[in-house]
**Student:** 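Below you'll find the structure I mean.
Each chain gets a letter, A, B and so on, in the order the sequences are listed, and its residues count up from 1.
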Number of protein chains: 2
Amino acid sequence: MSEIRSRSFVSAQMVADLAGVSRSAVSRTFTDGASVSEATRRKVLHAADSLGYHVNHLARGLIQDRSNIVCLVVSDVTTPFRARMLEILTSRLQSIDKVAMVINTGGDSDSVSTALQQALRFRADATVVLSGTPAASLVETCIASGQRVVLINRDDHLEGSENLAVDNEAAAREAVFLLRRAGCRRLAVVSSEADTPSLVARHQAFTAAAADAGAEATLVRVGPTSYASGVEAARRLFSRSNAPDGVFCVTDLLALGFMDAARHEFGLAIPRDLCVVGFDDIEQANWESYKLTTFAQPAAEMVDHIAALLSADNAEPAERRVFAATPVWRRTVRPNAL
Amino acid sequence: MSEIRSRSFVSAQMVADLAGVSRSAVSRTFTDGASVSEATRRKVLHAADSLGYHVNHLARGLIQDRSNIVCLVVSDVTTPFRARMLEILTSRLQSIDKVAMVINTGGDSDSVSTALQQALRFRADATVVLSGTPAASLVETCIASGQRVVLINRDDHLEGSENLAVDNEAAAREAVFLLRRAGCRRLAVVSSEADTPSLVARHQAFTAAAADAGAEATLVRVGPTSYASGVEAARRLFSRSNAPDGVFCVTDLLALGFMDAARHEFGLAIPRDLCVVGFDDIEQANWESYKLTTFAQPAAEMVDHIAALLSADNAEPAERRVFAATPVWRRTVRPNAL
DNA sequence: CCAAAGCTTGCACACGTGCGCAATGCCCGT
DNA sequence: ACGGGCATTGCGCACGTGTGCAAGCTTTGG
């Protein structure tokens, strides 16, 4: 039984032959709003079902001016916040009859270009860049080809792209306010060495806001944006003299590592000895061991907005849309009245 | 400036015109192993670059017997283990020149069928089912059409599908052994109400192994497979008399919730009062607040195996491949010599 | 009973590509 | 010089689909 396994998808022609109608009738049966009589429609559906026919979306995408494919460019999917964006985006896209093609850029900007090329090659209707910095020239090509390009948390506004961002500055200012109201004297901000625009914006805004308030904030940047980096940041901050008592971590993941090290390696009590504020509101921030006070990114709203952008087919002028990050009060910052 | 935004991808013909060659030459330039002289190749590449040309993979997939698309059917992407599988799978697929199309089934088995239909419609080379139970008839259609179908942690061996599984029974037996060696007298196993075959296999094997060892194990099944369910399971187990002192949680996520509730709500010390064993070895299991002793699923090896399956084009007889889950020793089980 | 109008249906073209086939040009050995 | 072999090139077909157009059929109104 060494039969050759070759592709043998059933085509509309085969369905038409079995149903005794023309191929057009088959095509119309599976096209919304096309004119088919109920009788032939039933014949076609019956034949299609018994043959296991499914419309070839590759061929359909060749004819129509949309492939119903949306490319998601992302790196580091294991990061809880990214995973959540993926979760919401994929199911939301399906609800508007599109399908997600996920391209993992593995971090380096070189492969972001590769990702955009894949988006072009598969004639994606749109490309959503969740992480990484795309080459401007490729973005131009995408837009010139009629693709939509959605950039999330990028500073550089590329001509013709849609931009979503979170108001990092406001959140960072509010973090300073919360920590100082809790009575914290020595502030610090923990970030990573990644040059992600949103992370840089957060720690820069934090130090600026601290300076405005007459306080000084030490900045620590460690490795990648991970739990381990949070641990390492705590080691650096608490090994030196003049250790901070109020810390803003630009990411929940950093905050959780930071808290664990502060507690278990340095015996600090949170929020008594140390107040911590995070950013993202990942699921783990609400775990009993952490109960991290943090800023929630409105992931669902952002995805809704993206879905609306992709559904609307009018060539509206690309606008930058800013979302507010709202504080989620838990137990790592002392309450107002100290 | 109300110009209509219409799809205007550049085709091979346009490149050919600009380069002064035939369209075939353009096609061959972008086809591996085709015969093109260095001179025309350069002309074509130059023209393609200045026009922003990218091969249309939809059209290519129409001709060839492979689309280079692999469909990943998954639900609940935020679950750390699923996110890790996605992370590894997407990047591994890219390394063998395939691209991942992710279909989120949102849990219900109805949409698993929808997912398989999408895989058929986009003429995917293969479909990898990471979660959910696909309808047998649709799987048959996929295989009859020449698609590969890879099922992960499914019991029912569907004809023609490739099956990967983890040796849940062996791990569950070893969990019993570890807990009894640590001196635990009253065993329990925490699972969810989901009918995922692998989870059911784990808790069934655990109770069976416990019975073999002359011990009895209480089984608690709570809601979905989540952190919150672990919390709830702990509440149920420790509110009753005869509380367990050795618990196997069929998932790390359950274990972490279970530990947090045991510690913070019931004041138990781990591993002194209570030993806990998990399964999956997600990143959070290694966090300082948990340091969970668990069984590691060999995600990378499984993905390598999938990649090998998809690269090989021989129609080898579908075989069920079982991977061993190896114990990762951390700090939630008392060491051997008590 | 007839004309007009509406609904269905089949034909044929187009989408962008890979590849088989034949033709052309070039190089080399005798 | 000449024939044979080889690399390169262009032509044209095929892939599976959506859709405009015209023809056929059915219904309706008078």
Side-chain angles (χ1 to χ4, degrees), chain A residues 6-45 47-48 51-69 97 120-125 145-146, chain B residues 6-45 47-48 51-69 97 120-125 145-146:
Chain A
S6 71
R7 306 297 289 261
S8 54
F9 287 95
V10 24
S11 72
Q13 185 61 61
M14 303 165 67
V15 177
D17 292 347
L18 177 60
V21 297
S22 78
R23 193 188 55 76
S24 300
V26 179
S27 175
R28 287 188 234 269
T29 301
F30 292 100
T31 305
D32 285 344
S35 166
V36 208
S37 76
E38 191 54 33
T40 53
R41 177 185 184 77
R42 255 202 299 273
K43 279 192 297 186
V44 168
L45 284 180
L51 257 55
Y53 170 72
H54 293 266
V55 179
N56 188 334
H57 273 45
L58 301 184
R60 173 178 277 186
L62 205 54
I63 296 292
Q64 297 177 327
D65 58 347
R66 65 204 134 81
S67 60
N68 288 331
I69 296 177
D97 287 324
L120 284 169
R121 288 199 267 260
F122 279 98
R123 298 303 190 254
D125 292 349
S145 305
Chain B
S6 71
R7 306 296 290 258
S8 54
F9 287 95
V10 24
S11 72
Q13 185 62 61
M14 302 166 69
V15 177
D17 292 347
L18 178 60
V21 298
S22 78
R23 193 188 55 77
S24 301
V26 179
S27 175
R28 288 188 235 269
T29 301
F30 291 99
T31 306
D32 284 345
S35 165
V36 207
S37 75
E38 190 55 32
T40 55
R41 177 185 184 78
R42 255 202 299 272
K43 279 192 296 185
V44 167
L45 285 180
L51 255 58
Y53 170 72
H54 293 266
V55 179
N56 187 335
H57 273 45
L58 302 183
R60 173 178 278 186
L62 205 53
I63 296 293
Q64 297 178 327
D65 59 347
R66 64 205 135 82
S67 61
N68 288 332
I69 296 176
D97 287 324
L120 284 168
R121 288 199 268 259
F122 279 98
R123 298 302 191 254
D125 293 349
S145 304

**Student:** At what distance, to the nearest 0.5 angstrom, does CG of B/Leu58 lie from CD1 of B/Ile69?
**Tutor:**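 If I round to the nearest 0.5 Å, the distance is 7.0 Å.
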**Student:** What is the distance, to the nearest angstrom, from the CG atom on A/Leu62 to the C1' atom on D/dT19?
**Tutor:**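 Taking atom C1' of D/dT19 as the reference, CG of A/Leu62 is at 14 Å.
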**Student:** For the pair made of CZ in B/Phe122 and P in D/dT17, what is the distance, rounded to whole Å?
**Tutor:**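 It is 13 Å, rounded to the nearest whole Å.
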**Student:** Rounded to whole angstrom units, what separation is found between the CD1 atom of A/Ile63 and the P atom of D/dT17?
**Tutor:**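 To the nearest whole Å, that distance equals 11 Å.
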**Student:** Applying side-chain contact (heavy atoms from CB on, under 4.5 Å), name anything that partners B/Leu51, two or more places apart in sequence or on another chain.
**Tutor:**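 B/Leu51: side-chain contact (heavy atoms from CB on, under 4.5 Å) contacts with B/Val10, B/Met14, B/Val15, B/Leu18.
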**Student:** Rounded to the nearest 0.5 Å, how far does CZ of B/Arg123 lie from CG of B/Leu62?
**Tutor:**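 That separation rounds to 9.0 Å.
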**Student:** Output every pair passing side chain to side chain donor-acceptor pair (under 3.5 Å) with a member in residues 12-22 of chain A, not counting sequence neighbours, ordered by first then second residue.
**Tutor:**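 Qualifying pairs, neighbours excluded: A/Gln13-A/Asp17.
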**Student:** Side chains of B/Leu45 and B/Tyr53: does their closest heavy-atom pair fall under 4.5 Å?
**Tutor:**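 In short, these two side chains do not touch, never coming nearer than 4.5 Å.
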**Student:** Roughly how many Å is it from CZ in B/Arg28 to C1' in D/dA7, rounded to a whole number?
**Tutor:**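 Atom-to-atom, B/Arg28 to D/dA7, this comes out as 11 Å.
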**Student:** Based on the rotation axes of five pairs at each end, what angle does the helix from C/dC1-D/dG30 to C/dT30-D/dA1 bend through, to 10°?
**Tutor:**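 The end-segment axes of the helix from C/dC1-D/dG30 to C/dT30-D/dA1 are tilted 30° relative to each other.
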**Student:** How would you give the extent of chain B contacts on DNA chain C, as first and last nucleotide 5' to 3' within a 4.0 Å heavy-atom cut-off?
**Tutor:**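 Reading along DNA chain C, I get C/dG16 to C/dG20.
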**Student:** Checking all strands, does A/Tyr53 fall into the base, sugar-phosphate, or nothing category for heavy-atom contacts under 4.0 angstrom?
**Tutor:**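 Touches sugar-phosphate only.
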**Student:** List the atom of B/Phe30, the atom of B/Arg60, and the distance in Å for their closest heavy-atom pair.
**Tutor:**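 Reported closest heavy-atom pair: O-NH2, 3.1 Å.
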**Student:** Taking only nitrogen or oxygen atoms into account, show me every contact under 3.5 Å that the protein makes with nucleotides 22-28 of chain D, one pair per line with its distance.
**Tutor:**
none

**Student:** Check side-chain contact (heavy atoms from CB on, under 4.5 Å) between B/Leu120 and all other residues, then give those that pass, not counting sequence neighbours.
**Tutor:**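 Result, side-chain contact (heavy atoms from CB on, under 4.5 Å) vs B/Leu120: A/Phe9, A/His54, B/Leu138, B/Thr141, B/Cys142, B/Ser145, B/Gln147.
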**Student:** Can you tell me the distance, in whole Å, between the CZ atom of B/Arg123 and the P atom of D/dG16?
**Tutor:**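 In whole Å, D/dG16 P and B/Arg123 CZ are 8 Å from each other.
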**Student:** Which residues, if any, of residues 13-26 of chain A bring a heavy atom under 4.0 Å of DNA chain D?
**Tutor:**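 Heavy-atom cutoff 4.0 Å gives A/Arg23, A/Ser24.
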**Student:** When the distance from CZ of B/Arg60 to P of D/dG16 is rounded to whole Å, what number comes out?
**Tutor:**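 From B/Arg60 CZ to D/dG16 P: 18 Å.
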**Student:** Could you list all the side chain to side chain donor-acceptor pair (under 3.5 Å) pairs where at least one residue sits in residues 25-38 of chain B, not counting sequence neighbours?
**Tutor:**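 Residue pairs passing side chain to side chain donor-acceptor pair (under 3.5 Å), neighbours aside: B/Ser37-B/Thr40.
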**Student:** Between A/Phe9 (CZ) and D/dT17 (P), how many Å, whole number?
**Tutor:**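 For the pair A/Phe9 CZ and D/dT17 P, the rounded distance is 11 Å.
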**Student:** Which parts of residues 35-44 of chain B get close to DNA chain D, meaning a heavy atom less than 4.0 angstrom away?
**Tutor:**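 Result for residues 35-44 of chain B: B/Ser35, B/Val36, B/Ser37, B/Thr40, sorted by number.
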**Student:** Using whole Å, report how far CG of B/Leu120 lies from P of D/dG16.
**Tutor:**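 In whole Å, D/dG16 P and B/Leu120 CG are 15 Å from each other.
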**Student:** State which residues pass salt bridge (charged side-chain N to carboxylate O under 4.0 Å, His left out) with B/Arg66; sequence neighbours excluded, sorted by chain then number.
**Tutor:**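 Applying salt bridge (charged side-chain N to carboxylate O under 4.0 Å, His left out) to B/Arg66 gives none.
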**Student:** Please work out if A/Ser27 contacts a base, only the sugar-phosphate, or nothing of the nucleic acid, heavy-atom cut-off 4.0 Å.
**Tutor:**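 Answer is base: heavy atoms of A/Ser27 come under 4.0 Å of a base.
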